[in-house]
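See structure below.
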Amino acid sequence: MLKIKVLGGGREVGRAAYLIEDGSQKFLLDYGVNFDERDLPRLPHHVKPLEISGLIISHAHLDHVGAAPYLYITGRPKAFSTMPTMEVARLLVIDFLKLNSAVIEYDMREFENLYDNTVFLEYGEKYEEEGFKLVLENAGHIIGSSMTYLETGSGHRLMYTGDINNRDTWTLPGAETLELNVETILIESTYGGRNHPPRYIVEKKLLEIVEETIDRKGTVLIPAFSVGRSQEIATLIAAEAPYVDIYLDGMIKDITEIYLRYKKYLKDSSLFAKVFETVNFVTGAKERKKIINKPCVIIASAGMLKGGPSVYYLKKIYQNPRNSIVMVSYQAPNSNGHKLLEEGGIPELEIDRVNARVEWLDFSSHAGQDGLLDIISRYRTSLKNIVIIHGNEDEATSLRDVILEKLGSDINIYIPKVGDEIVIQ
């Protein structure tokens with residue numbers, strides 16, 4: 001009998017935490033945080049560290065790893081991930097603690113305990129111990145992101161997608177599913193009710209905005225997530241418009257150095273290395289002042305305009321109609337980026353009417369509905385149970401409905417909320 005306890009990430013995006021119990025074995029799939037309306041961290045439900053047989057970290061984003069160091073205050077459970085996942089996670093946790101140390105009860109010592117107790121696996125590498133089998137495979141979301149295949153002691157075969165993207169990008173290959181019989185899938189549903197536009201159309205639109213802005217002697221500001229999105233956008237523009245000056249500012253530089261250390265995870269490592277020999281990394285305030293009036297592209301963290309250099313540049317360029325501000329990352333409700341798009345200003349930052357061109361382009365690193373269906377259908381012959389997680393209720397319900405329509409009604413489908421327990425015989 002298999003039990004799946006949803007400690008976080010049920011009918012919500014983020015705070016991913018799923019406890020898999022099979023007899024005495026307990027496996028924890030991710031242990032992340034999300035944020036409430038006041039931007040304060042929300043933790044998953046508690047689990048006793050000493051009871052965990054294995055902690056599996058799918059990727060480095062805080063909504064999947066941000067609470068994991070709590071488990072290493074009093075315990076030392078064995079963890080599993082790829083090497084770049086933990087390298088990127090270290091930088092994100094450092095930044096997270098800078099902003100939230102007053103309300104978070106761990107520090108970097110606990111993260112280092114997590115790191116020291118991690119077994120680093122390559123994609124496709126089989127790990128076996130005490131009656132369980134584990135394989136990680138490329139999830140295509142960010143560097144090092146993994147889908148997890150877990151076979152428990154009683155022989156139950158489970159797949160956890162984590163955050164997954166089945167489309168190639170300029171930096172990463174799309175998800176590579178394992179040729180294994182799987183009985184139960186835990187699948188994300190961030191975009192379970194929607195599809196993304198074709199990538200080439202979005203890329204073409206971005207290049208058009210860049211070229212039009214540069215032609216009128218304007219500056220293009222692209223606030224972007226430091227992990228993944230910044231590297232993808234920089235590679236796209238450098239490859240397709242090599243005559244444009246590109247500047248990157250913020251944590252992007254440190255993250256990019258990790259990408260360069262782990263080139264084998266990239267789709268085209270030689271192109272990536274060439275691109276990042278030609279772009280410019282901003283080194284300080286003096287250089288920032290120089291480039292705000294220069295026809296160029298500035299890619300700056302943070303992607304939702306929550307802080308960091310992107311806010312500095314926004315305040316400097318928003319009044320000039322020659323300039324453009326292109327949002328390429330997810331904009332959470334109540335975020336500054338969301339307010340800019342919906343209201344045309346950000347009162348909290350004393351930004352009223354924005355005269356610069358403002359656009360949002362869908363460069364999502366999550367699979368849309370068709371992509372999620374494609375992933376599920378690869379396991380149709382052996383699949384018995386689908387647990388839809390990591391999406392709001394509407395997205396999860398839409399995904400369930402299309403699964404029933406396309407794949408039939410002989411599969412058990414669950415849409416659990418946080419705190420629910422699913423029992424699978």
Side-chain angles (χ1 to χ4, degrees), residues 9 13-18 29-34 56-66 68 80-89 91-92 121-124 135-149 159-178 185-192 194-196 199 202 224-233 235-236 252 255-256 258-259 262 264-267 272 303-304 328-330 332 362-376 378 388-391 395 399:
V13 175
R15 199 168 51 147
Y18 313 99
L29 305 175
D30 288 336
Y31 206 57
V33 300
N34 60 12
I56 301 159
I57 302 295
S58 68
H59 67 284
H61 281 148
L62 290 173
D63 60 335
H64 292 255
V65 72
F80 301 89
S81 84
T82 65
M83 183 70 81
T85 286
M86 297 306 288
E87 296 287 346
V88 173
L91 295 181
L92 297 186
L121 299 178
E122 300 288 349
Y123 290 150
V135 184
L136 304 182
E137 189 52 274
N138 171 39
H141 180 61
I142 62 172
I143 191 167
S145 60
S146 303
M147 297 176 66
T148 300
Y149 170 81
M159 178 73 80
Y160 169 54
T161 65
D163 289 356
I164 191 166
N165 179 28
N166 64 328
R167 302 186 297 176
D168 286 358
T169 68
W170 277 88
T171 50
L172 299 176
E176 301 168 33
T177 49
L178 293 159
I185 286 182
L186 280 76
I187 190 164
E188 70 134 316
S189 58
T190 312
Y191 291 91
R194 294 170 279 170
N195 283 308
H196 304 296
R199 201 68 160 204
V202 181
F225 296 147
S226 297
V227 184
R229 198 63 42 82
S230 296
Q231 290 77 20
E232 178 186 357
I233 298 300
T235 305
L236 162 62
I252 298 168
I255 299 295
T256 299
I258 294 174
Y259 271 62
Y262 296 97
K264 66 182 178 181
Y265 288 84
L266 305 179
K267 186 177 78 169
F272 190 86
M304 295 189 206
V328 295
S329 301
Y330 168 73
D362 185 353
F363 276 91
S364 177
S365 57
H366 293 263
Q369 186 182 83
D370 287 348
L372 297 172
L373 269 178
D374 176 63
I375 292 160
I376 293 170
R378 299 181 196 186
I388 302 175
I389 41 88
H390 201 282
E395 300 286 347
L399 181 59

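Nothing here was measured: the structure is a model prediction, and the numbers come from that model.
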By ring pair (Phe, Tyr, Trp, His ring centres under 6.0 Å) - contacts of Tyr262 (at least two apart): none
Carefully, step by step, assess Lys267 and Thr171 under the rule side-chain contact (heavy atoms from CB on, under 4.5 Å). CA-CA 5 Å; Lys267 186 177 78 169; Thr171 50; over 6 Å; no
Do Asp163 and His61 pair up side chain to side chain, a donor and an acceptor below 3.5 Å, judged on atom types alone? no
Could you tell me whether the side chains of Thr256 and Gln231 share a donor-acceptor contact shorter than 3.5 Å? yes
Return the orientation label for the Tyr191 and His366 ring planes: parallel under 30°, perpendicular over 60°, tilted otherwise. tilted
Go through it in stages, so that I can follow the logic: the residues are Ile164 and Leu372, the test is side-chain contact (heavy atoms from CB on, under 4.5 Å), and I'd like the CA-CA distance, side-chain angles, deciding distance and then a yes or no. CA-CA 8 Å; Ile164 191 166; Leu372 297 172; 4.0 Å; yes
Those residues at least two apart in sequence (or on a different chain) that pass ring pair (Phe, Tyr, Trp, His ring centres under 6.0 Å) with Tyr123 are Tyr265
Report the C-alpha distance between Phe363 and His196 in whole Å, list the side-chain angles of each, state the deciding distance to 0.1 Å, and finish with yes or no for side-chain contact (heavy atoms from CB on, under 4.5 Å). CA-CA 8 Å; Phe363 276 91; His196 304 296; over 6 Å; no
Does any donor atom in the side chain of His141 or Ser365 lie under 3.5 Å from an acceptor atom in the other side chain? yes
Does a side chain donor of either Arg199 or Thr169 reach within less than 3.5 Å of an acceptor in the other side chain? no
Test applied, side chain to side chain contact (heavy atoms under 4.5 Å, CB included); reference residue, Ser146; option that passes from Asn138, Ile57, Leu136, Thr161: Leu136
Drop me the distance from Leu172's CG to Leu266's CG, to the nearest 0.5 angstrom. 6.5 Å
Could you tell me the separation between the OG atom of Ser81 and the CG atom of Asp30, rounded to the nearest 0.5 Å? 10.0 Å
Full working for side-chain contact (heavy atoms from CB on, under 4.5 Å) between Met159 and Leu178: CA-CA 9 Å; Met159 178 73 80; Leu178 293 159; 4.2 Å; yes
In terms of ring plane angle, is the pair Tyr259 and Phe272 parallel, tilted or perpendicular, where the classes change at 30° and 60°? parallel
